[in-house]
Protein chains: 2
Amino acid sequence: MTLDDTDKKILRILQRNAKLSHKQIGDAVNKSATPVYERIRKMEEAGIVKGYVALVDPRKVGKALIVFTAVHLDRHEHDAIKDFEREIGKAEEVMECYHMTGTDDYLLKVAVRDMEEYQHFIVEKLSRLQNIGTVRSSFVMTEIKHETAVNV
Amino acid sequence: MTLDDTDKKILRILQRNAKLSHKQIGDAVNKSATPVYERIRKMEEAGIVKGYVALVDPRKVGKALIVFTAVHLDRHEHDAIKDFEREIGKAEEVMECYHMTGTDDYLLKVAVRDMEEYQHFIVEKLSRLQNIGTVRSSFVMTEIKHETAVNV
DNA sequence: GGTGAAAGGTCCAGAGA
DNA sequence: TCTCTGGACCTTTCACC
């Protein structure tokens, strides 16, 4: 599926505010509500729009500490890697996990209440996984920018 | 504002799918639509719910390369830091930027089309900012997990 | 917190550019 | 092929119980 300028404009709007009506979006892109609806439906079908979610402020629900945790595995066989990935997927503290280039294998973004909860995550969860080599933690002091919107 | 179990349940639902009607959410938490509506409105007012957005798959709109860029500044005076933060806020390639503990000052999450576009960002944008010391780039090979939902 | 009703949005069929 | 109009149906929002 290729996106024309109208599609891209709609995407930019929806990525900022998904609560606007098709009519309001139509006014912004010089179309009526129906073509807006049709274009959105097609982008949903194509998997370009993955879904609609509410964004919650972590600090206001007691998740004030954000940590980036770089993990280096001991062994790099296929099974060891798949095991790690499966287990990390289950950890509710882990919001993001990436398999990276470079000396560290994985980069995790972890959201917890405080340092005590982070220590618990490291000692009781991460360290108990098979095959963990080294772990390096970097703590977020300030969030300067956080966009969920992709630049289209 | 303190959240009871019903509020938390509503937040968990909305963070997964913001398109459900108040009636559907009410069925899931054993309430009618109105109290669901009132609770959501209060959480919006309190800033717990920051907004509603569409999630777009970066790979399907030509942003296939995700890079974590660690930046170390040369000087750490107040003005130098504020300058960097203001400029990075304007860069559309930068989806996230955090002021970090440790030897690196900032961690950026950058989304671009390909390596050529990343090189352009580093050479033409980042390196042109005053005060940049060292830059280390780590590339995402695979996204194992990416949650926007905060664990409440 | 529930009920019910007004206002307005979504979704789709049919027609036209 | 893409867009508009009109209408059935559903949701949001709010006054009242």
Side-chain angles (χ1 to χ4, degrees), chain A residues 1-62 146-152, chain B residues 1-63 113 146-152:
Chain A
M1 179 177 185
T2 37
L3 302 175
D4 67 13
D5 285 349
T6 303
D7 291 324
K8 288 180 184 175
K9 218 164 179 177
I10 292 172
L11 274 187
R12 280 196 290 272
I13 293 169
L14 283 180
Q15 286 190 108
R16 255 87 201 181
N17 183 1
K19 277 283 147 99
L20 295 173
S21 70
H22 297 162
K23 166 117 190 40
Q24 288 174 299
I25 297 170
D27 289 345
V29 300
N30 290 312
K31 297 266 178 295
S32 71
T34 305
V36 171
Y37 162 68
E38 287 296 337
R39 284 162 181 269
I40 293 174
R41 202 180 49 71
K42 276 180 190 133
M43 292 193 284
E44 288 169 356
E45 265 172 22
I48 293 168
V49 173
K50 288 188 291 185
Y52 300 89
V53 301
L55 296 180
V56 169
D57 188 336
R59 275 156 302 205
K60 299 219 167 147
V61 293
H146 191 167
E147 281 279 1
T148 51
V150 178
N151 177 35
V152 288
Chain B
M1 180 177 182
T2 38
L3 302 175
D4 66 12
D5 284 351
T6 303
D7 290 323
K8 289 180 184 175
K9 218 164 180 176
I10 292 173
L11 274 188
R12 281 196 289 273
I13 292 169
L14 283 180
Q15 286 190 107
R16 255 88 201 179
N17 182 2
K19 277 283 147 99
L20 295 172
S21 71
H22 297 161
K23 166 121 190 39
Q24 287 173 300
I25 298 170
D27 289 346
V29 300
N30 290 311
K31 299 266 180 294
S32 70
T34 304
V36 170
Y37 163 68
E38 286 295 337
R39 284 164 181 270
I40 292 174
R41 202 180 49 74
K42 278 182 189 131
M43 291 192 285
E44 288 169 355
E45 265 173 23
I48 293 167
V49 174
K50 289 188 289 184
Y52 301 89
V53 300
L55 296 179
V56 168
D57 188 335
R59 276 156 300 203
K60 299 216 168 149
V61 293
K63 299 289 171 184
R113 167 176 296 280
H146 191 168
E147 281 277 3
T148 52
V150 179
N151 177 36
V152 289

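Just so it is clear: chains get the letters A, B, ... in the order the sequence lines come, proteins before strands, and each one is counted from 1.
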Gap between atoms CG and P, on Asp27(A) and dG8(C) respectively (whole Å)
15 Å
Value in whole Å for how far the C1' atom of dG2(C) lies from NZ of Lys23(B)
13 Å
Does His22(B) make a side-chain N or O approach to OP1 or OP2 of dT11(D) shorter than 4.0 Å?
no
Between CG of Asn17(B) and P of dT11(D) the distance, given in whole Å, is 13 Å
Would you kindly compare Leu20(B) and Pro35(A) by the position of their nearest DNA chain D nucleotide and give the one closer to the 5′ end?
Pro35(A)
What is the distance from OH of Tyr37(B) to C1' of dG4(C), rounded to the nearest Å?
15 Å
Value in whole Å for how far the C1' atom of dG2(C) lies from CG of Asn30(B)
14 Å
Leu11(A) side, atom CG; Asn151(A) side, atom CG - distance, nearest 0.5 Å:
11.5 Å
Side-chain contact check for Arg39(A): nearest option of dT13(D), dG1(C), dT3(D) is dT3(D)
Of the candidates dC2(D), dT3(C), dC4(D), the side chain of Lys42(A) sits closest to dC2(D)
Nucleotide nearest Ser21(A) when distance is taken to its side chain, options dT10(C), dG6(D), dC14(D)
dT10(C)
What about Thr34(A), does its side chain sit under 3.5 Å from the base of dC11(C) through a donor-acceptor pair?
no
Return the CD1 to CG distance between Ile40(A) and Asp7(A), rounded to the nearest 0.5 Å.
9.5 Å
With a 4.0 Å cut-off, would you call Asp27(B) and Lys23(B) a salt bridge?
yes
I'd like to know if the side chain of Lys60(B) reaches the main chain of Ala46(A), judged simply by a donor and an acceptor atom lying under 3.5 Å from each other, with no hydrogens or angles considered.
yes
